[in-house]
> 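Could you have a look at this structure, given as structure tokens, before my questions?
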Amino acid sequence: MEKNCMLLAAAPVRREYFSCIDGLLATMANYFSSPYGLMFIGYMGFEYLSDKPGADTFGEKLLYGVGRYSRDALHKYHHVKTSWCDAENYRSLHNTIVHSLLNQVPVGVYLDSFYCPWNLAYQRFHINHYVLVIGLDMGNEAYICLDPYASAGKYKLPGSCLQKGFREYILFEKDPSENQEPLSLCGILHENYYSNAYIGRFEKNYSAILQFADDLSHNIDIAHETSAWGGDLQSTLLFRRINNLGKNRTKFACALHYLGDVFESEAIHNIASAAEELHSGWDMINSLLFRLHLTGKESIRSTIYHRLAAVAEREKQLSLALTEIAEESKEQTMRSEFLQRECIV
């Protein structure tokens, strides 16, 4: 440890499909020696609000439709708890960070990308971002941070930058082992995919994607979508949200592969592989939008529609296959419980 430095031994967990929050949560799960795969179990969602009040771009109307947020699933299934708190002022935030570090626990901090020196949006765009504070460089009045979204390295964040760009912070703790219940395949799938609420959500996903396909292919105005982003399509809300929809399919596959490993189910691994393939389907939509942006060829609009319709059908089939496994798991559990009762009698 350097002189005048406080530093915790946290190692960043990076995946190319992680958001900044995903990286922080996975890093902290790893720090607490916990897995994190099931934090993505609710990420097979889609939501499109064609008549969203105040929204005049497709990027504003397109949402992820996440069923169970990663922080909630991480706590429920892997027992790593997060507390999201508003920072009253910079001094109280600094004191909270110091207190947590002295207790050997890093702190997640919201940092507007405009004030994040190593971020590509630095001094350009105001974009939500989070970093993990793992130490202090008191001599230089800086915070030592991990930013798994950016790289595997450590960064020094000047106190002046945090003071300008902070908003909230995240505290982490691990549930005591005596409070942890064993995983149940039937329980996990029923809670997330077999209940009537989730089956209905899958049906809505399919219809919503088709409506999005129709509206986008007929009405997309690239110039309008990019007007607030200096004409850069890749920076637009629409491009980033479609990109994240693809990444969410890979995250969902991560959760399914974890279940497949734990419960030794080849069928679940097969569905996970199908979910991974959906990532490229969503990426193709962005590629087509980029081609439309560069060439202006109207024929590309029809291709966008048909590609999105194909994605919708594949997602529908995947949800049906998963629901079937959930139903089989429920039947097996009921049969096992019945036999146990018979033995007791």
> Under a 4.5 Å cut-off applied to non-hydrogen side-chain atoms, are N243 and Q234 in contact?
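Of all side-chain heavy-atom pairs linking Q234 with N243, none is under 4.5 Å.
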> Mark yes when over 12 heavy atoms from residues, nucleotides or ligands other than L120 sit less than 6.0 Å from its CG; otherwise mark no.
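Atom CG in L120 is not packed in, count stays at 12 or less.
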> What pairs with T295 under side chain to side chain contact (heavy atoms under 4.5 Å, CB included), at least two apart in sequence or on another chain?
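Partners of T295 by the side chain to side chain contact (heavy atoms under 4.5 Å, CB included) criterion, ordered by chain and then number, come out as K297, I300.
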> Apply side-chain contact (heavy atoms from CB on, under 4.5 Å) to the pair V311 and M284, showing each step before the final yes or no.
CA-CA 10 Å; V311 167; M284 176 56 70; over 6 Å; no
> Measure from the side-chain N and O atoms of E225 to the backbone N and O of I220, and report whether any donor-acceptor pair falls under 3.5 Å.
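Such a contact is absent between E225 side chain and I220 backbone.
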> How about NZ on K52, more than 12 heavy atoms from neighbouring residues, nucleotides or ligands closer than 6.0 Å, or not?
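Counting other residues, nucleotides and ligands, NZ of K52 exceeds 12 neighbours.
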> If hydrophobic clusters are built from ILVMFWY residues whose side chains come within less than 4.5 Å, do Y122 and L162 share one?
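Per the 4.5 Å side-chain linkage, Y122 and L162 are not co-clustered.
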> Identify whether I170 and I127 are in the same connected component of the hydrophobic contact network (ILVMFWY, side-chain heavy atoms under 4.5 Å).
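In one cluster with I170: I127, no.
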> Would you please indicate yes or no on a ring centroid separation below 6.0 angstrom for F239 and H293?
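Between F239 and H293, which both carry aromatic rings, the centre distance is not below 6.0 Å.
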> What residue pairs, at least two apart or across chains, pass salt bridge (Lys or Arg N to Asp or Glu O under 4.0 Å) with a residue in residues 107-127?
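Qualifying pairs: none.
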> More than 12 foreign heavy atoms under 6.0 Å from NE2 of H99: is that the case here?
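At most 12 heavy atoms, drawn from other residues, nucleotides or ligands, come within 6.0 Å of this atom.
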> Got a second to check how far Q163's CD is from S160's OG, nearest 0.5 Å?
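Q163 CD to S160 OG: 7.5 Å, rounded to 0.5 Å.
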> Taking R14 for the side chain and G23 for the main chain, is one N or O donor matched with an acceptor at less than 3.5 Å?
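Answer holds: no.
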> Please tell me if the side chains of L216 and L62 come closer than 4.5 Å, counting only heavy atoms from C-beta onward.
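They are not in side-chain contact.
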> Report yes if the side chains of M39 and R71 come closer than 4.5 Å at any heavy-atom pair, otherwise no.
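Not in contact.
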> How close do D215 and S50 get, heavy atom to heavy atom, and via which atoms?
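Scanning both residues completely, I find the closest heavy atoms to be OD2-CB, 3.8 Å.
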> Can Y31 and F172 be said to form a side-chain contact (heavy atoms from CB on, under 4.5 Å), step by step?
CA-CA 10 Å; Y31 183 78; F172 302 90; over 6 Å; no
> In the single-linkage hydrophobic clustering (I, L, V, M, F, W, Y; side-chain heavy atoms under 4.5 Å), do Y149 and I144 co-cluster?
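Looking at the clustering, I144 is in a separate group from Y149.
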> Looking only at heavy atoms, what is the nearest atom pair of I209 and A312, with distance?
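Looking at all heavy atoms of both residues, the shortest contact is CG2-CB, 3.6 Å.
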> So which atom in W229 and which in L237 form the shortest heavy-atom distance, rounded to 0.1 Å?
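Minimum heavy-atom contact is NE1-N, 3.9 Å.
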> Evaluate the side-chain proximity of L318 to R314: yes if any heavy-atom separation is below 4.5 Å, no if none is.
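No, side chains not in contact.
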> Would you compute the distance between atom OG of S273 and atom CD1 of I268 and round it to the nearest 0.5 angstrom?
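One gets 12.0 Å once the value is rounded to the nearest 0.5 Å.
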> Keeping to residues at least two apart or across chains, list the salt bridge (Lys or Arg N to Asp or Glu O under 4.0 Å) pairs with something in residues 301-311.
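Of all non-adjacent pairs touching residues 301-311, those that pass salt bridge (Lys or Arg N to Asp or Glu O under 4.0 Å) are E298-R301.
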> Taking only Lys NZ, Arg NE, NH1 and NH2, and the carboxylate oxygens of Asp or Glu, determine whether D22 and R15 approach each other closer than 4.0 Å.
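Salt bridge absent between D22 and R15.
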> Can you find a pair of side-chain heavy atoms, one from M28 and one from V105, that are under 4.5 Å apart?
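Heavy-atom side-chain distance check passes, below 4.5 Å.
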> Please report the C-alpha distance between K81 and K174 in whole Å, then the side-chain angles of each, then the deciding distance to 0.1 Å, and finally whether the side-chain contact (heavy atoms from CB on, under 4.5 Å) criterion is met.
CA-CA 6 Å; K81 182 181 179 181; K174 179 72 179 292; over 6 Å; no
> side-chain contact (heavy atoms from CB on, under 4.5 Å) between L308 and F212: does it pass, once the steps are laid out?
CA-CA 8 Å; L308 274 171; F212 176 65; 3.9 Å; yes
> Please find out if less than 6.0 Å separates the ring center of H218 from that of Y305.
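No, the ring centres sit 6.0 Å or more apart.
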> Can you see which heavy atom on H129 is nearest to which on S113, and at what distance?
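Taking every non-hydrogen atom into account, CB-OG, 3.3 Å.
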> Calculate, to the nearest 0.5 Å, the distance between atoms CG and OG belonging to L38 and S70 respectively.
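Rounded to the nearest 0.5 Å, the CG-OG separation comes to 12.5 Å.
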> Does NZ or CZ of K316 lie under 6.0 Å from the centre of the six-membered ring of Y206, at an angle within 45° of the ring axis?
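Yes.
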> Could you grab the distance from atom CG of L256 to atom CG of D261, nearest 0.5 Å is fine?
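Spacing of CG (L256) from CG (D261) equals 11.0 Å.
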> Is atom CZ of R167 surrounded by more than 12 heavy atoms (other residues, nucleotides or ligands) closer than 6.0 Å?
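Counting neighbours around CZ of R167, more than 12 heavy atoms of other residues, nucleotides or ligands fall under 6.0 Å, so yes.
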> Please check if the side chain of H224 supplies one atom and the backbone of D56 the other of a donor-acceptor pair under 3.5 Å.
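Yes.
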> Looking only at atom types and distance, does a side-chain atom of S287 sit under 3.5 Å from a main-chain N or O of D283, one as donor and one as acceptor?
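Judged by distance alone, yes, a pair lies under 3.5 Å.
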> Compute the ring centroids of H126 and F114, then answer whether they are less than 6.0 Å apart.
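When the ring centroids of H126 and F114 are compared, they turn out to be within the sub-6.0 Å range.
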> Taking all non-hydrogen atoms of both residues, which atom of I304 and which atom of L288 are closest, and how far apart?
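Looks like CG1-CB, 3.7 Å.
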> Distance check, rounded to the nearest 0.5 Å: S100 atom OG versus L171 atom CG?
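One finds 6.0 Å between OG of S100 and CG of L171.
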> Are the side chain of T27 and the backbone N or O of V13 linked by a donor-acceptor pair below 3.5 Å?
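Flag set: sc T27 to bb V13 pair under 3.5 Å.
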> Quick check: are there more than 12 heavy atoms from other residues, nucleotides or ligands sitting under 6.0 Å from CD of Q123?
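Atom CD in Q123 is crowded, with more than 12 foreign heavy atoms closer than 6.0 Å.
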> If we check side chain to side chain donor-acceptor pair (under 3.5 Å) with E168, which of these qualifies: W84, Y110, Y130?
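Per the side chain to side chain donor-acceptor pair (under 3.5 Å) rule, the option paired with E168 is Y130, out of W84, Y110, Y130.
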> Between G45 and N205, which heavy-atom pair has the shortest distance, and what is it?
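Nearest heavy atoms, G45 then N205: CA-ND2, 3.8 Å.
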> Do the side chains of Y143 and C161 get nearer than 4.5 Å, heavy atoms only?
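Answer no - side chains too far apart.
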> Please report the interatomic distance OG1(T236) to CD(E60), rounded to the nearest 0.5 Å.
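Reported to 0.5 Å precision, the distance equals 11.0 Å.
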> For a 4.5 angstrom cut-off between non-hydrogen side-chain atoms, does Y36 reach L74?
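In short, these two side chains touch, coming nearer than 4.5 Å.
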> Does Y155 belong to the same Ile/Leu/Val/Met/Phe/Trp/Tyr cluster as F18, with side-chain heavy atoms less than 4.5 Å apart forming each link?
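Result: yes, single cluster for both.
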> Do L25 and V80 have side-chain heavy atoms sitting under 4.5 Å apart?
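A side-chain contact under 4.5 Å is absent here.
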> Would Y169 end up clustered with V131 when hydrophobic side chains under 4.5 Å apart are linked, directly or stepwise?
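Y169 clusters together with V131.
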> Is the distance between the ring centroids of Y77 and F40 less than 6.0 Å?
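Distance test on ring centres: not under 6.0 Å, no.
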> Do other residues, nucleotides or ligands put more than 12 heavy atoms under 6.0 Å from the CD atom of E141?
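Incorrect, the count does not exceed 12.
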